[in-house]
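Chain letters run A, B, ... following the sequence lines, proteins first and then strands; every chain starts at 1.
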There are 2 protein chains.
Amino acid sequence: MDARSEGEAVTSEASSDPHAEAASRLQAAGQRYTSGRRELVEALAGAARPVTLPDIESIAPGLARSTAYRNLEALERCGVVHRLETGGDHAYFELAESLLGHHHHLICVTCGAIADIELDGETESRIDDSLAAAARESGFVPLHHSLDLYGRCSSCDAAA
Amino acid sequence: MDARSEGEAVTSEASSDPHAEAASRLQAAGQRYTSGRRELVEALAGAARPVTLPDIESIAPGLARSTAYRNLEALERCGVVHRLETGGDHAYFELAESLLGHHHHLICVTCGAIADIELDGETESRIDDSLAAAARESGFVPLHHSLDLYGRCSSCDAAA
DNA sequence: ATTGAAAATGAGAATGAGTCTCACTATAGT
DNA sequence: ACTATAGTGAGACTCATTCTCATTTTCAAT
Ligand SMILES: [Mn+2]
Ligand SMILES: [Mn+2]
Ligand SMILES: [Zn+2]
Ligand SMILES: [Zn+2]
C-alpha cells in the first residue's frame with residue numbers, strides 16, 4: 001500500500017528518503033553526513049513517535065552522548081530534526097515536518113507518552129487563518145504553529 | 001471600561017478576583033494563602049504576558065527562589081497557575097485559564113517573547129472536534145489543548 | 001597516493017534551571 | 001498559651017544539556 005494510495009489526501013510533503021534529504025541539507029550548510037548522523041536519522045525514522053535521547057541510545061547504542069546532542073542540534077539547524085519541549089525531564093526529537101509532514105501530538109499528562117496525529121485540511125487552514133489574523137494585529141510574522149492535545153493515554157486511563 | 005462591556009463576546013470565564021480564587025482553591029487543598037503566594041499571584045496578574053522566574057524576582061524582589069518555585073508548583077497543582085515550557089532557558093508562568101480565560105500564544109523564535117492571543121469560538125470548537133476525533137481513534141482521553149504560533153515579533157522582524 | 005584544511009568525535013568538565021533538605025518560623029484551631 | 005500542621009529560606013544537590021579540547025575523520029586538492 002503506497003502512501004499515495006487513491007482517495008487519500010496527500011497532506012504530507014514527506015520526501016521519499018530522509019537520508020537523501022539530510023545529506024543534501026547538511027551539504028548545503030558545509031557539513032558532512034557522517035555515519036553517526038546517519039544512525040540518528042535512522043533511529044528517528046524507525047521510531048513511530050518522538051523519542052528522547054535515552055530512547056535513541058537504546059535504539060542505537062555506542063553513540064557518544066555529547067556527539068548525539070551536538071548532531072541533533074546540527075540536524076535541527078538544517079531542518080531535518082525537530083525538538084519538542086514537553087516539560088518532562090528530557091526533550092523529544094522527531095524528524096522535521098518537511099520529512100514527516102505537518103502533524104500534531106497527543107501528550108499523556110500521566111506518563112508523558114507522545115503520539116502523532118493529523119488533522120483534516122479544513123481545520124488546518126482555519127487554524128492558520130485565525131492565527132494569521134491574530135498575528136497581524138501586533139505585527140507578528142507567522143512562521144509555523146504547534147498544536148498539542150493533552151490528556152490520558154488509553155493505558156494510563158485504564159489504570160484509574 | 002468593564003471587561004464585560006457591551007458587544008464584547010464573553011469568551012473568558014475569568015473570575016473577578018484571582019486572589020479570592022487562589023485562596024479558596026488552596027484552602028480546598030488544605031493549604032494557606034500566605035503573603036508570599038499572594039505576591040506571586042499579584043505579579044502574574046499584573047503582568048500582561050507570561051513571565052519567567054527572573055521576571056518575577058524583578059517584579060517582586062525578596063522572595064526566596066526555592067520558595068517561589070515551590071509555591072508556583074503548589075499554585076499549579078491547584079489550577080491557579082499554568083506553566084509554559086518553550087525550550088528557552090526558563091519556564092514561563094501565567095495565571096491558569098480558569099482565571100485568564102482560554103487563549104493561545106505568539107512566541108518569537110528570535111527573542112523568546114510571548115504574547116497572548118484569542119481565537120474566535122468557531123475555530124476553537126472546530127479544533128476541539130478535530131482533536132477529539134483523532135483522540136478517539138486511539139482511546140486517548142482529551143483534557144485540554146495548547147496552540148502556539150511561532151514567528152518573529154515586530155521588533156525582531158524590524159531588525160532583519 | 002599524500003597532504004592539509006576543515007569538520008567531527010569522545011571523554012569528561014562545566015553549566016544552570018529547578019528541586020530537595022532541614023532547621024526554623026508562622027498560622028490556625030482549641 | 002499550646003500544639004499540630006504548613007510554610008519559609010539558605011544552600012546543597014541533581015541531572016539534562018552544553019562546552020572544551022585533544023585526537024581522529026573526511027574530502028578536496030595536489
Ligand atoms: Mn496544524
Ligand atoms: Mn484553543
Ligand atoms: Zn500515559
Ligand atoms: Zn522577538
Item to check | Pairing pattern in dot-bracket form [Watson-Crick, G-U; both distances under 3.5 Å; | = partner strand] for DNA chain D | outcome: ||||||||||||||||||||||||||||||
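- The hydrophobic side chain of V141(A) is isolated, with no ILVMFWY side chain under 4.5 Å apart from it.
- Counting any heavy atom pair closer than 4.0 Å across all strands shown, R37(A) reaches sugar-phosphate atoms only and no base atom.
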Short N/O separations, protein against nucleotides 23-29 of chain D, under 3.5 angstrom:
residue : atom : partner : partner atom : Å
dT26(D) : O2   : R32(A)  : NH1          : 3.1
dT26(D) : O2   : R32(A)  : NH2          : 3.1

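- Taking 4.0 Å as the cutoff to heavy atoms of chain B, we find the contact window on DNA chain C bounded by dA17(C) to dT27(C).
- Near DNA chain C, meaning a heavy atom under 4.0 Å from it, residues 39-53 of chain A has no residue at all.
- Residue N71(B) contributes atom CG, which lies 14 Å from atom P of dA6(D) at whole-angstrom precision.
- Side-chain contact between T52(B) and F93(B): absent, with no pair of heavy atoms (C-beta onward) separated by less than 4.5 Å.
- In this structure, R70(A) and P54(A) both approach DNA chain D, and ranking their closest nucleotides by distance from the 5' end singles out P54(A).
- Between H103(A) and H82(A), a ring centre-to-centre spacing not shorter than 6.0 Å is recorded.
- In this structure, CD of E73(B) is placed 15 Å from C1' of dA6(D), rounded to the nearest angstrom.
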Less than 3.5 Å apart, which donor and acceptor atoms pair up between the side chains of residues 147-160 of chain A and the rest of the protein, not counting sequence neighbours?
residue : atom : partner : partner atom : Å
D148(A) : OD1  : H105(A) : ND1          : 3.3

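- Both T67(A) and S66(B) lie near DNA chain C, and the one whose nearest nucleotide falls closer to the 5' end is T67(A).
- Every pair passing salt bridge (Lys or Arg N to Asp or Glu O under 4.0 Å) that includes a residue from residues 24-38 of chain A is listed here, sequence neighbours excluded: E21(A)-R25(A).
- Within the structure, the salt bridge (Lys or Arg N to Asp or Glu O under 4.0 Å) test picks out the following pairs touching residues 63-89 of chain A (sequence neighbours left out): E57(A)-R65(A), E73(A)-R77(A), E76(A)-R83(A).
- Hydrophobic cluster membership for I59(A): none, as no Ile, Leu, Val, Met, Phe, Trp or Tyr side chain comes under 4.5 Å of it.
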For nucleotides 14-16 of chain D, give me every protein contact, N/O to N/O, under 3.5 Å, one pair per line with atom names.
residue : atom : partner : partner atom : Å
dA16(D) : O3'  : D89(A)  : O            : 3.3

Compile the donor-acceptor pairs under 3.5 Å between side chains in residues 131-139 of chain B and protein atoms, sequence neighbours left out, one pair per line.
residue : atom : partner : partner atom : Å
S138(B) : OG   : A135(B) : O            : 3.4

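- Taking the side chain to side chain donor-acceptor pair (under 3.5 Å) definition, one finds that E39(A) meets it with nothing, sequence neighbours left out.
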